[in-house]
Amino acid sequence: MEEKYNPEDIEKKWQANWEQRNLFAVKEVSSSPKFYCLEMFPYPSGKIHMGHVRNYVIGDVIARYKRMRGFNVLHPMGWDAFGLPAENAAIKHRVHPAKWTFENIDYMKSQLKKMGLSYDWEREVTTCKPEYYKWNQWLFLKMLEMGLAYKKASSVNWCPSCDTVLANEQVIDEKCWRCDNIVIQKKLEQWFFKITNYAEELLSDADALAGWPEKVVTMQRNWIGRSEGVEVDFRIVDSDKSIRIFTTRQDTLYGATFMSIAKKHPLVEELVKDEKTIKDIESLSEDPEKKEGVFTGFYAENPLTGDRIPIWVANFVLMEYGTGAVMAVPAHDQRDFDFAKKYDLPIKEVIVLENSAEARKRGSAEVGAGLAPAQAEKGQPQGLPLQAFEEDGILVNSGQFSNLHSKEAREQIADYLEQKGFGKKVVNYKLRDWGISRQRYWGTPIPIIYCNSCGIVPVPEDQLPVVLPQDIMLRGKGASPLAEAADFVNTKCPKCDAPAKRETDTMDTFVDSSWYFIAYALGGNDKINFTTKSNVGAIHELPLQYWMPVDQYIGGIEHAVLHLLYSRFFTKVIRDIGLININEPFTSLLTQGMVIKDGAKMSKSKGNVVDPDFLINKYGTDTVRVFCMFAAPPERDLEWSDQGVEGAYRFLNRIWGLVHKYSNELRVTGNGLKDKANSLVTRHSSLLRKTHQTIKKITGSIERDYHFNTAIAALMELVNEITAFNPDSANDRRVLKFSIRQMILLLSPFAPHIAEELWEQIGEKESVLKESWPVWDEEIAKEDEIELVIQINGKLRGKIMIPAGLDDDAVKEKAFSDPKIQEQIRGKTLKKIVVVKGKLVNMVV
RNA sequence: GCGAGAGUGGCGGAACUGGCAGACGCGCUGGACUUAGGAUCCAGUGGGUAACUCCGUAGGGGUUCAACUCCCCUCUCUCGCACCA
């Protein structure tokens with residue numbers, strides 16, 4: 001055995017060995033339990049960065065650990081290969097997006113292979129290949145059939161200078177990221193997925209995502225933004241029209257003193273004819289800080305009170321939410337309050353604090369008795385509220401509903417409105433339908449044909465895929481680049497055979513990533529097929545049914561909403577198509593923290609990036625893996641430390657030196673213990689005990705919450721103890737061999753290459769990958785002597801060694817007999833004595 | 001503003017259901033080996049004190065024999081949402 005640890009040679013050797021034996025390719029085997037371990041696939045931007053390294057190492061440690069625990073582990077990798085950077089590179093460097101993308105994939109794949117990640121590369125998925133995006137198109141057509149895909153006009157961010165559409169992320173302070181010109185909104189016909197149909201299910205199933213971080217579930221809940229309320233029609237005075245409003249606070253309906261409608265509300269255009277008013281409305285501020293409005297000149301009638309209230313256009317009312325119109329209740333809504341103050345509109349109080357309702361009944365009150373508590377304390381004069389009272393309370397000035405609590409009033413008023421036909425109960429969501437049209441080249445063509453006589457015609461299934469044309473010029477100008485590709489655009493109508501034109505928009509790349517986990521389960525790019533006979537039949541026999549759902553998903557928190565919500569949506573749609581019978585794609589989710597250096601996220605612009613290639617060349621991937629796992633628990637941010645990496649390298653060197661020291665003895669077979677040693681001869685070896693304790697501790701750390709940092713710390717303790725061990729009997733040497741064997745096995749998920757090499761060096765023939773995870777023996781792990789802590793009045797006053805398992809009285813006696821303690825308690829009366837089994841004694845004097 | 005999370009040595013971080021605060025690593029100090037050490041090994045390392053010991057988990061209060069851990073208040077930081085009616 002070499003004296004020096006040489007990671008470069010070892011890592012090359014074992015990576016070749018694993019590849020040659022094809023160890024990580026998996027099949028559906030019903031006899032063993034499956035485990036689907038998935039990391040978010042990367043966009044092939046050029047090079048792997050430290051964030052990827054951390055993400056993939058976490059996944060790899062889990063995958064390797066689960067294999068040793070006897071699971072049939074699916075651990076795949078692929079490429080989120082469509083996207084804008086490829087197009088930008090094409091424009092900038094005059095290289096085709098496909099060439100750029102595939103070169104990046106080649107390089108990044110070689111990087112991943114150098115990291116020793118245990119992927120089943122046979123299942124690789126590359127979303128920009130026709131075999132993959134064909135199924136994007138197929139799913140699109142299915143969704144069209146199901147009424148889940150539709151087309152409508154909507155506005156997009158448009159840069160007039162670049163003459164192109166921009167994504168939200170490309171608009172910075174309302175300016176184009178590339179040319180700094182002001183971005184405008186432009187109306188375009190776009191395709192949408194009706195994710196709102198699933199809003200209720202996405203929300204209610206979120207409760208069942210027990211394996212997800214609470215934070216992510218909360219973010220999704222907020223994003224879906226469900227709220228229950230009523231829609232109420234307010235008749236417009238001297239007109240046959242009415243305004244429909246949405247409110248969740250129908251208990252304040254009697255306090256509505258004016259209406260606020262959005263600038264873009266259709267009634268504005270219909271009603272307002274006066275030139276000056278139109279101008280004023282147009283020049284309303286967009287600043288969310290300023291509350292501004294314009295009186296339309298029209299009045300509406302409050303259906304409950306019959307009051308005539310003015311209709312205002314207000315800059316803070318959004319057309320996109322609810323009905324684009326609200327009833328304004330200044331006494332109980334801060335925005336309305338500020339607005340009313342500014343324009344001198346009446347404020348009518350209809351909710352008061354519960355205890356002030358009593359006072360009200362005694363007839364003492366005008367407006368103001370329901371002051372917000374803060375003001376009441378400050379002794380503000382009655383009748384001059386300074387802010388709206390937005391909480392629930394008791395209704396006043398509300399006709400038949402007065403004296404009810406807000407909660408009941410909401411029920412009763414809603415029922416009453418429905419009875420009278422003034423309104424109805426509704427549920428509103430903040431979630432919008434998902435616009436998927438992108439006026440870009442490097443994406444999945446939307447499989448639609450426009451025919452002059454037949455209209456919108458879906459491309460027939462048997463004509464899929466609609467292949468993205470390769471010969472195209474990208475200049476960074478013009479709308480959809482595909483529109484310029486005449487051969488692509490001009491086609492025949494599948495229905496009437498007349499000349500027709502293809503849709504030239506491509507799909508949002510989030511479509512690709514919304515079901516890639518299903519593509520892996522089906523066997524990767526070449527094997528995706530949703531239409532074979534067997535897919536229709538016995539669903540439980542399908543690979544999909546075997547592998548799904550993903551047991552452990554690992555990735556960054558930045559995808560907490562979009563990608564993870566879209567994936568949940570797609571899974572439900574694919575279920576409703578009848579291809580799978582699960583409701584949720586990801587059982588457990590681990591959101592790993594960022595990699596930080598010098599207090600900031602690693603980024604090119606900050607110049608604090610660490611290059612994985614450099615580190616792997618210098619220390620080997622095992623060192624990088626160990627450092628990444630040791631420096632912080634996976635969900636927290638990881639502070640990069642070059643010295644910390646050195647420490648990880650030293651640790652592996654120490655292990656190497658340790659095995660080298662005993663390599664000759666270890667190689668001799670027949671003198672090791674069985675892995676589950678329990679012979680009496682070895683009972684009293686403290687190293688044997690430590691080994692069993694370490695197995696227990698590491699297994700616990702991994703099983704509980706994947707806290708690999710404490711797992712490695714425990715392994716370090718074991719290595720320290722083995723290093724200090726001096727074998728001087730045959731029994732000692734047996735313990736030593738056992739201990740070293742276990743140590744290598746425990747190390748193997750973290751540093752698989754050195755583990756394989758050491759395993760071979762101690763004379764093992766089979767790969768460490770074929771070994772089972774070590775098992776501890778509770779009996780051997782048990783301490784036979786414990787350190788008893790003695791406290792007096794809760795303060796540490798002494799420590800003594802006592803045999804384990806003594807009863808309370810014996811423990812007390814031991815504690816009393818300690819001379820130091822006797823001195824401390826001399827002359828004092830003992831009030832109480834507490835014994836904690838196996839830990840401490842506390843005497844209260 | 002609302003919501004979520006966090007605050008522990010010089011640093012990264014341990015401490016599982018309340019039971020020795022600081023595991024493990026980095027750094028630092030001293031020593032050994034050495035032509036040399038930025039290699040390796042050994043010892044030490046929260047702060048104050050000569051010492052008995054005392055003080056220490058953002059700050060203040062509380063519960064308890066016992067609090068990093070539970071409860072209340074305050075401060076700071078990070079993230080998410082941000083006129084959602």
Side-chain angles (χ1 to χ4, degrees), chain A residues 213-223 225-227 229-230 245-250 252 256 259-260 262 287-291 314-318 320-329 332-336 338-339 390 428-431 557-558 560-561 591 593-594 596 626-627 630-633 635-648 650-651 653-654 657 697 700-701 704-705 707 709-720 723-724 787-799 831-845:
Chain A
E214 188 53 41
K215 182 188 168 116
V216 176
V217 178
T218 307
M219 281 167 74
Q220 292 212 352
R221 277 204 199 98
N222 293 342
W223 186 264
R226 181 185 200 274
S227 57
V230 289
I245 59 106
F246 172 71
T247 183
T248 56
R249 289 300 303 273
Q250 57 271 25
T252 64
M259 311 276 295
S260 304
D287 183 358
E289 289 301 305
K290 284 185 201 155
K291 302 278 171 282
N315 68 338
F316 60 87
V317 178
L318 307 169
E320 299 80 55
Y321 184 75
T323 59
V326 295
M327 62 171 191
V329 185
H332 306 292
D333 181 287
Q334 193 57 41
R335 292 159 304 180
D336 295 341
D338 295 341
F339 197 85
E390 295 184 319
N428 250 312
Y429 299 93
K430 282 198 262 184
L431 183 69
I557 186 90
E558 66 273 18
V561 178
T591 50
M594 291 185 297
I596 301 287
V626 167
F627 172 72
F630 178 63
E635 71 279 5
R636 278 221 240 167
D637 286 350
L638 183 154
E639 175 76 36
W640 190 262
S641 157
D642 292 333
Q643 282 143 344
V645 182
E646 294 273 356
R650 273 204 285 273
F651 171 57
N653 270 290
R654 271 190 5 251
K697 209 165 165 186
S701 288
R704 205 177 313 115
D705 43 18
H707 276 196
N709 55 331
T710 52
I712 291 172
L715 192 59
M716 285 171 169
E717 281 189 60
L718 178 63
V719 170
N720 290 345
T723 307
E787 191 180 45
L788 182 75
V789 171
I790 306 168
Q791 295 181 332
I792 295 172
N793 291 338
K795 305 223 176 202
L796 179 69
R797 283 295 177 269
K799 293 179 184 182
K831 285 188 199 145
K832 193 174 171 182
I833 184 159
V834 183
V835 179
V836 181
K837 269 237 157 5
K839 291 233 168 87
L840 63 69
V841 172
N842 188 13
M843 303 175 189
V844 186
V845 294

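Here the structure is a predicted model, which means the values were calculated and not measured. Letters go in sequence order (proteins before strands), and every chain restarts at 1.
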>> Please tell me whether A:S227 and A:T248 have a donor and an acceptor in their side chains that are separated by less than 3.5 angstrom.
In response: no
>> Taking the C1' atom in each of B:G19 and B:A67, what is the distance between them to the nearest angstrom?
In response: 10 Å
> Looking only at N and O atoms, is any donor in the side chain of A:K799 or the base of B:C20 less than 3.5 Å from an acceptor on the other one?
Replying inline: yes
> Expressed in angstrom and rounded to an integer, what is the separation of A:L715 atom CG from B:G25 atom P?
Replying inline: 11 Å
> B:A85, B:G13, B:G80: which one has an atom nearest the side-chain heavy atoms of A:L318?
Replying inline: B:A85
>> Does a side-chain N or O of A:R335 approach OP1 or OP2 of B:C84 to a distance below 4.0 Å, or not?
In response: yes
> What interatomic distance, in whole Å, is found between P of B:G60 and the corresponding atom of B:U69?
Replying inline: 13 Å
> Which glycosidic conformation, syn or anti, is assigned to B:G18 if syn requires a torsion within 90° of zero?
Replying inline: anti
>> Heavy atoms from C-beta onward define the side chain here; which of B:A85, B:G12, B:C84 lies closest to that of A:F246?
In response: B:A85
> If you measure from CD1 on A:I557 to CE on A:M219, what distance do you get to the nearest 0.5 Å?
Replying inline: 5.5 Å
>> Heavy atoms only, 4.0 Å cut-off, all strands: where does A:V317 land among base, sugar-phosphate and nothing?
In response: base
> Taking the P atom of each, how far is B:U8 from B:A23, in whole Å?
Replying inline: 16 Å
> Any idea which heavy atoms bring A:N793 and A:N842 closest together, and the distance?
Replying inline: N-OD1, 3.5 Å
>> Between P on B:C52 and CG on A:L796, what's the gap in Å once rounded to a whole number?
In response: 13 Å
> Nearest-Å distance, NZ (A:K291) to P (B:A85)?
Replying inline: 14 Å
>> For the P atoms, the ones on B:C42 and on B:C33, what distance do you get once it is rounded to whole angstrom?
In response: 15 Å
> When we call it a touch if two heavy atoms are under 4.0 Å apart, what does A:K430 touch: a base, just sugar-phosphate, or nothing?
Replying inline: base
> For A:N428, which contact category applies under a 4.0 Å heavy-atom criterion: base, sugar-phosphate, or nothing?
Replying inline: nothing
>> Ignoring hydrogens, what is the shortest heavy-atom contact between A:T591 and A:P213? Give both atom names and the distance.
In response: OG1-CG, 3.7 Å
>> If I compare all heavy atoms of A:E717 with all of A:K697, which pair ends up nearest, and what's the gap?
In response: OE2-NZ, 3.6 Å
>> Whether A:R221 and A:E214 form a salt bridge (side-chain N of Lys/Arg under 4.0 Å from carboxylate O of Asp/Glu) is what I want to check.
In response: yes
> Just how far, in rounded Å, is C1' of B:G80 from CG of A:N222?
Replying inline: 8 Å
>> Would you measure the distance from the C1' atom in B:C70 across to the matching atom in B:U64 and give it in whole Å?
In response: 10 Å
> If each of A:N709 and A:K215 is mapped to the nucleotide of RNA chain B with the nearest heavy atom, which maps nearer the 5' terminus, i.e. the 5' end?
Replying inline: A:N709
>> How long is the straight-line distance from CG of A:L715 back to CG of A:N720, given to the nearest 0.5 Å?
In response: 10.0 Å
>> Using the C1' atom as the point on both nucleotides, what is the distance between B:G47 and B:G10, in whole Å?
In response: 13 Å
>> From CG of A:D637 over to P of B:C11, roughly how many Å is that when rounded to an integer?
In response: 17 Å
>> Quick check for you: among B:C65, B:G19, B:G12, whose closest atom lies nearest to any side-chain atom of A:A631?
In response: B:G12
>> Need one value for A:R797: base, sugar-phosphate or nothing, where a base atom within 4.0 Å counts as base even if backbone is also close, heavy atoms only.
In response: sugar-phosphate
> Taking the P atom of each, how far is B:U29 from B:A39, in whole Å?
Replying inline: 13 Å
>> For A:W640, I'd like to know if atom CH2 has over 12 heavy atoms of other residues, nucleotides or ligands within 6.0 Å.
In response: yes
> In terms of the nearest nucleotide of RNA chain B, which residue is placed more toward the 5' end: A:E717 or A:E787?
Replying inline: A:E787
> Going from OG on A:S701 to CD1 on A:I712, what distance comes out if it is rounded to the nearest 0.5 angstrom?
Replying inline: 10.0 Å
>> Given a 3.5 Å cut-off on both pairing distances, which stems involving RNA chain B, each at least three consecutive Watson-Crick or G-U pairs, are present, if any?
In response: B:1-7 with B:75-81, B:10-12 with B:24-26, B:27-32 with B:40-45, B:46-48 with B:53-55, B:58-62 with B:70-74
> Atom NZ of A:K795 and atom P of B:G19: how far apart are they, to the nearest Å?
Replying inline: 18 Å
>> If you only use heavy atoms from C-beta on, which nucleotide in B:C26, B:G25, B:A14 is closest to the side chain of A:Q643?
In response: B:C26
> Which of the following nucleotides, B:G25, B:C83, B:G19, is nearest to the side chain of A:N842?
Replying inline: B:G19
>> Using the ring centroid of each side chain, check whether A:F316 and A:F339 are separated by less than 6.0 Å.
In response: yes
>> Of the listed nucleotides (B:G25, B:A14, B:C20), which one gets closest to any side-chain atom of A:L840?
In response: B:C20
>> Side chain of A:A713 only, heavy atoms from C-beta on: which candidate in B:G12, B:A23, B:G19 is closest?
In response: B:A23
>> Nearest to the A:V834 side chain among B:A85, B:C65, B:G13, which nucleotide is it?
In response: B:C65
Between the protein and nucleotides 38-48 of chain B, are there any N/O to N/O pairs under 3.5 Å, and if so, what are the atom names and distances?
none

> Which heavy atom in A:I596 sits nearest to a heavy atom in A:D637, and how many Å separate them?
Replying inline: CG1-CB, 3.8 Å
> Do A:E787 side-chain atoms and A:K799 backbone N/O form a donor-acceptor pair below 3.5 Å?
Replying inline: no
>> Please report the distance separating the P of B:G56 from the corresponding atom of B:G9, rounded so that it comes out in whole Å.
In response: 14 Å
> Can you check the A:D642 CG to B:G25 P distance for me, whole Å?
Replying inline: 19 Å
>> Starting the side chain at C-beta, find the nucleotide from B:A85, B:C16, B:G12 nearest to A:E639.
In response: B:G12
> Quick one: A:I712 CD1 to B:C26 P, roughly how many Å, whole number?
Replying inline: 13 Å
